[in-house]
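Owing to the predicted nature of the structure, the values given are computational and were not obtained by experimental measurement. Lettering follows sequence order; numbering is per chain, from 1.
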Number of protein chains: 2
Amino acid sequence: MVTAARKPETGTPTVYDVAERARVSIATVSRVYRSPDAVRAPTREKVLAAARELGYVPSGSARGLASRTTGILGLCFPDYTDPETDTPGDGDENAATLYADHIIRGMERAARSRGYALLIAASLRDGPTNLVATLAGHVDGFAVMSRTVDAKDLETVSRRMPVVTLAGPAELGHLDNVQVDNRDGQRELTRHLITDHGLTDLAFVGGPADSPDAEERFLGYQDACRDAGLPVPPEPTLRGALTRTAGREAARTLVAGGGPTPGLPQALLLANDQMAVGALEEFAAHGVRVPQDIAVTGFDGIPLGAMAHPPLTTVRQPSRRIGEEAVALLVDRIAAPQRDPRPVVLPVSLVLRASCGCAEPVPAPRRG
Amino acid sequence: MVTAARKPETGTPTVYDVAERARVSIATVSRVYRSPDAVRAPTREKVLAAARELGYVPSGSARGLASRTTGILGLCFPDYTDPETDTPGDGDENAATLYADHIIRGMERAARSRGYALLIAASLRDGPTNLVATLAGHVDGFAVMSRTVDAKDLETVSRRMPVVTLAGPAELGHLDNVQVDNRDGQRELTRHLITDHGLTDLAFVGGPADSPDAEERFLGYQDACRDAGLPVPPEPTLRGALTRTAGREAARTLVAGGGPTPGLPQALLLANDQMAVGALEEFAAHGVRVPQDIAVTGFDGIPLGAMAHPPLTTVRQPSRRIGEEAVALLVDRIAAPQRDPRPVVLPVSLVLRASCGCAEPVPAPRRG
DNA sequence: ATGAAAGCGCTAACAG
DNA sequence: CTGTTAGCGCTTTCAT
């Protein structure tokens with residue numbers, strides 16, 4: 001064994017230092033970390049002891065280079081949060097932001113349980129820093145939330161490693177994709193209002209036209225109208241950002257008679273919970289009673305909805321599962337790169353509370 | 001130039017492939033990605049074109065190995081979430097979980113703005129997978145939230161790279177640390193109850209004895225009692241998990257006369273907002289009026305508190321800033337490894353709402 | 001069960 | 001401004 005000393009113990013310790021100290025070869029040191037069982041116990045102990053004494057930590061970069069896998073999965077998500085607002089905040093964080101938190105959590109947990117760590121990077125509203133480039137070189141595969149990265153870049157990178165698109169339509173057909181059944185959920189919710197509550201004069205407040213989720217929900221709304229033989233509106237009654245403030249504004253517009261028809265509709269369906277909660281607040285401020293004067297519904301199932309007055313009827317989507325599915329898809333494809341692309345559509349569930357007129361089984365909270 | 005072709009274009013493209021195609025040296029290809037300005041425009045274009053055609057993506061591992069920096073910062077955080085509950089949930093997620101989301105967000109943003117990506121890994125309640133080992137080899141430095149990793153490992157790794165401890169006491173004195181002024185916040189809040197509302201019969205519901213934050217808050221509570229000349233309790237009146245359910249239980253115990261003194265105290269201070277909201281619910285269910293019959297306060301400043309009935313008086317902590325400070329500290333130390341350790345204590349702020357007896361809406365009587 | 005040697009893909013001086 | 005030449009620290013055959 002002539003693994004001649006390199007530097008006289010300078011800088012951070014490497015396999016060479018550990019090997020020298022334990023009087024074994026670097027290959028053995030490497031084995032101790034990769035497959036401990038392939039090394040005799042006494043030898044292993046010697047190596048571990050030397051490593052401990054030296055404060056040795058394997059270099060992820062070197063391992064990655066040599067083995068061509070990093071043990072890291074990536075996620076690109078949108079960051080719409082107002083940098084001004086500090087948190088814990090006033091509850092008006094953008095829905096997409098909260099949503100991303102859940103997906104991150106779901107992915108992190110699923111990844112960890114399979115031995116991967118999670119590398120995350122958000123795409124600024126404005127700054128188009130090349131996210132893909134930042135992540136791609138470091139991971140074994142990654143997930144991108146809808147509309148956060150340039151399709152071109154995605155296309156290029158997806159030729160080199162597993163990529164799954166999340167929470168939006170499958171922009172690139174040949175990629176795995178996971179989304180929730182927005183359309184079906186909104187259809188069911190609308191049907192509930194029409195069939196179970198006998199409401200026929202409805203209004204839908206949509207999100208920005210470039211929000212795939214919000215558009216899908218509108219399609220579901222249209223479906224339900226069509227199914228019930230009601231007129232099918234070609235466009236949402238109103239549109240707004242997916243924020244509480246926009247919801248308030250929509251409600252205000254309606255109260256002021258700014259809607260397409262005089263007077264209030266029987267029900268107001270909003271594209272997400274944030275907006276719905278805003279509408280609830282505005283109606284309360286104007287003395288409009290919910291659900292007596294108008295039914296109100298949201299979409300997402302955020303905690304805030306359950307605390308609203310009245311509690312908000314909504315559609316709950318399994319946001320954490322999106323992240324979990326993403327990891328499953330990624331790991332699966334890492335194992336079988338040539339497998340056919342698999343689109344996953346996660347089911348949603350109706351949450352019927354008081355804001356649509358359904359009885360609330362809980363002891364009515366005291367009004368503030 | 002005799003950069004003889006290596007393999008006939010197999011596998012994922014490397015600098016060699018790009019160089020060959022663009023008819024330049026690998027050094028030039030490398031330069032185009034590191035300092036584009038150091039390369040003449042025409043040359044640069046040639047390289048970029050070749051890279052595009054080949055679908056070239058720089059290998060993070062190789063870069064990391066060669067340059068000894070990865071451009072990645074890490075975070076170890078606790079994961080207490082019940083895997084059963086899906087999200088968006090019922091609002092009873094563990095406070096620590098929500099808290100971690102904000103820190104992640106703060107760190108991610110701060111990191112990105114400085115050119116770093118964020119690698120995250122949670123420590124299971126049970127599974128003691130070696131987090132540090134997972135992360136350490138891949139990052140240029142990392143932050144660990146209180147009590148998520150073995151102090152021994154931390155000690156070892158911190159000798160090799162920047163490490164900052166978060167949201168808890170500085171367990172390792174020689175490390176940078178950032179925490180929130182829990183003690184001062186609780187002291188101020190308690191003082192407000194005593195001085196401004198004239199309450200003297202108080203009760204404090206603490207968290208688990210092994211929660212540093214909760215313990216700090218109790219110390220602040222003791223401080224205020226001492227300052228006001230009131231008896232200083234050696235222990236919290238009650239203790240519980242930092243959850244809504246535990247808050248309900250505490251309130252129930254008090255209502256049932258299970259407290260140390262007969263009857264209700266004048267004020268109930270709980271170790272965090274989740275618990276406080278639970279207490280609010282339980283009091284409402286028993287017809288106990290807040291704040292007329294009893295004042296209630298929390299700690300954290302979560303959105304739920306503002307929606308509660310009555311709106312919850314609390315102490316808001318800048319959770320996102322914790323993450324931002326962590327990055328600042330890390331980047332700073334990467335630049336100056338020998339700098340003295342710097343402990344950062346972030347200020348908190350009182351949020352006075354109706355649950356303590358302050359009129360609502362309040363033009364916040366900003367004390368503290 | 002352990003060792004020797006050859007890279008993995010890129011950056012970093014140093015030349016020119 | 002561009003090319004040459006060494007490694008960076010580890011995994012991997014292939015021997016032994």
C:dT11 OP1/OP2 closer than 4.0 Å to side-chain N/O of B:Arg63: yes
If you look only at pairs with a residue in residues 35-55 of chain A, which of them pass as a ring-ring contact (aromatic ring centres under 6.0 Å, His included), with sequence neighbours excluded? none
Under-4.0 Å side-chain N/O to phosphate OP1/OP2 contact, A:Tyr56 with D:dC10: yes
C:dA12, D:dC8, C:dG3: which one has an atom nearest the side-chain heavy atoms of B:Ala27? C:dA12
With ring-ring contact (aromatic ring centres under 6.0 Å, His included) as the rule and sequence neighbours excluded, what pairs involving residues 24-60 of chain B come up? B:Tyr33-B:Tyr56
Hey, can you pull the residues of residues 29-38 of chain A with a non-hydrogen atom under 4.0 angstrom from DNA chain D? A:Ser30, A:Arg34
Please tell me which of the listed nucleotides, D:dT2, D:dC10, C:dC10, lies nearest to the side chain of A:Ala62? D:dC10
Could you check which of D:dT5, D:dT11, C:dA1 has an atom nearest any side-chain atom of A:Arg40? C:dA1
Do any pairs count as a salt bridge (Lys or Arg N to Asp or Glu O under 4.0 Å) and have a residue in residues 46-56 of chain A, sequence neighbours left out, and if so which ones? A:Arg21-A:Glu53
Which nucleotide in the list C:dA4, C:dG9, D:dG3 gets nearest to the side chain of A:Ser25? C:dA4
With sequence neighbours excluded, what pairs up with A:Ala122 under the side-chain contact (heavy atoms from CB on, under 4.5 Å) test? A:Phe77, A:Asp79, B:Glu108, B:Arg112
By side-chain contact (heavy atoms from CB on, under 4.5 Å), which residues pair with B:Pro341, not counting sequence neighbours? B:Asp176, B:Arg333
